[in-house]
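Please read the structure below before turning to the comments.
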2 protein chains.
Amino acid sequence: MNLSLTQIKTQFQELGIKSTLPRVVIYQSLAKSMHHPSAEEIHLAIQKKYPGVSLATVYKTLDMLVQKSLASKVVTNEDKVRYDSKMDNHIHLYCEKTQKIMDYEDQELADMLTGYFSKKGIPNFKINKIQVNINGESKTTKNK
Amino acid sequence: MNLSLTQIKTQFQELGIKSTLPRVVIYQSLAKSMHHPSAEEIHLAIQKKYPGVSLATVYKTLDMLVQKSLASKVVTNEDKVRYDSKMDNHIHLYCEKTQKIMDYEDQELADMLTGYFSKKGIPNFKINKIQVNINGESKTTKNK
DNA sequence: TTCCTATTTAAGAATTATTATTATTTAAAA
DNA sequence: TTTTAAATAATAATAATTCTTAAATAGGAA
């Protein structure tokens, strides 16, 4: 999603987040990215336009965004953490060949799972979030 | 699952895995553990009875077990990888309070998901494994 | 606007998880 | 047993992330 710096500043103010340039730029970069970037990748991406933003700041800002529910961590088999600014419920498809993570919207599945667990529940467990991850292989001939 | 050293040796032989004491002990420890240990935790657990097994060997052995489909990686929000020797299809419950990971068997759900995707599929994607992770809170009064 | 103060940042050191290197040891086949 | 390829211990190296600290800055108060 493409967000303007002004849009982000407003959003931060509403949530009581102090609005600094590094933060705004980091969030903008994450929101624009479609491929669930790591801290390192975001750091690289913003270098061009905003050099001098340190990697440590990227990490701290991403943590802050997760705290404020503006982003979430995406865990993978790799040894680094990736981030997602899409906060609605969606599936992650992990391509075992390219290591790419794709989002997959499926409202029917989401409803099915919610319905299933609201009816049945899990003994002694309060469900907060159901995350479905599918491992497999992307069959697209062209990898955009 | 409690496995004797002899049982494991036999299992290794059937799979063409060279049977060394470090390997057997590491796999035994993983199989016995109910809480999806990290490499570090396994290393610690076997120290008592088998000191001198190096951490690097634990890592290499766990990798090997994953290759041979005797174990799988469990990814979490933490910054380290954890392992699971339970290879049937099951759900992971992540307790946000205790950080514990619990297994949850639900054949009905597994069948439902398999049925759903075999009927509908995902465009341009070959499904290998469906993993459901549920975040929430364990409500057990006593944490065994 | 200007000043104040708590928060944020940059820089780089430190820590932690994991992998690589290499000399030595060992399982198991001959 | 002897042989040999594979596995191990020890430790150095690397990669991701966090910590430390002094300097910079946002946003409220005057």
### Query
Of all nucleotides in DNA chain C with an atom under 4.0 Å from a non-hydrogen atom of chain A, which is the first and which the last going 5' to 3'?
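Terminal contacting nucleotides, 5' to 3': C:dT7 to C:dG12.
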### Query
With sequence neighbours left out, what residues match A:Asp88 under side chain to side chain donor-acceptor pair (under 3.5 Å)?
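Only A:Lys86, A:His90 meet the side chain to side chain donor-acceptor pair (under 3.5 Å) criterion with A:Asp88.
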### Task
Please list residues of residues 19-26 of chain B whose heavy atoms come under 4.0 Å from any atom in DNA chain D, ordered by number; otherwise none.
B:Thr20, B:Pro22, B:Arg23
### Task
Mind running a 4.0 Å heavy-atom check of residues 51-62 of chain B against DNA chain D and sending the residues that fall below it, in number order?
B:Gly52, B:Val53, B:Ser54, B:Ala56, B:Thr57, B:Lys60
### Message
Just by distance, no angles: are the side chains of B:Asp106 and A:Tyr116 close enough, under 3.5 Å, to form a donor-acceptor pair?
### Response
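Yes, side-chain donor-acceptor contact under 3.5 Å.
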### Task
Would you check if there is a donor-acceptor pair between the side chains of B:Asn128 and A:Glu96 at a distance under 3.5 Å?
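Judged by distance alone, the side chains do pair up.
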Once salt bridge (charged side-chain N to carboxylate O under 4.0 Å, His left out) is applied, do any residues pair with [X], and if so which ones, sequence neighbours excluded?
X: A:Arg82; answer: A:Glu78
X: B:Glu108; answer: A:Lys120
X: B:Glu137; answer: none

### Query
Is the backbone of B:Ile101 close enough, under 3.5 Å, to the side chain of B:His36 for a donor and an acceptor to pair up by distance?
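At least one qualifying donor-acceptor pair exists.
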#### Entry: Bounds of contact between DNA chain D and chain A, in 5' to 3' order, using a heavy-atom cut-off under 4.0 Å
D:dA16 to D:dG27
### Message
Is it the case that atom CE in A:Met112 sees more than 12 heavy atoms from other parts of the structure closer than 6.0 Å?
### Response
yes
### Message
Does anything in residues 40-79 of chain A form a ring pair (Phe, Tyr, Trp, His ring centres under 6.0 Å)? List the pairs, not counting sequence neighbours.
### Response
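For residues 40-79 of chain A, and leaving out neighbouring residues, there are no ring pair (Phe, Tyr, Trp, His ring centres under 6.0 Å) pairs at all.
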### Task
For the helix from C:dT1-D:dA30 to C:dA30-D:dT1, figure out the bend between the end axes, five pairs an end, and round to 10 degrees.
30°
#### Entry: Single-linkage hydrophobic cluster, 4.5 Å side-chain cutoff, B:Ile46 and B:Val81 together
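Same hydrophobic cluster.
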### Summary
Of B:Gln13 and B:Lys80, the one whose closest nucleotide on DNA chain C sits nearer the 5' end is B:Lys80
## Note on the structure
Whichever of B:Tyr83 and B:Lys18 has the more 5' nearest nucleotide on DNA chain C, that residue is B:Tyr83
### Message
Could you work out, with side-chain contact (heavy atoms from CB on, under 4.5 Å) as the rule, every residue matching B:Lys9, not counting sequence neighbours?
### Response
B:Ser19, B:Val24
### side chain to side chain contact (heavy atoms under 4.5 Å, CB included) partner of A:Ser29, the single match among A:Val58, A:Ile42, A:Leu44, A:Val53
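Result for side chain to side chain contact (heavy atoms under 4.5 Å, CB included) with A:Ser29: A:Ile42.
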### Query
Do the two ring centres, one from B:Phe12 and one from B:Tyr27, sit under 6.0 Å apart?
yes
Could you give the side-chain donor-acceptor pairs of residues 61-70 of chain B under 3.5 Å, partners two or more places apart or in another chain?
{"residue": "B:Thr61", "atom": "OG1", "partner": "B:Thr57", "partner atom": "O", "Å": "2.8"}

### Query
At their closest point, which heavy atom of A:Cys95 faces which heavy atom of A:Met102, and how far apart are they?
CB-CE, 4.2 Å
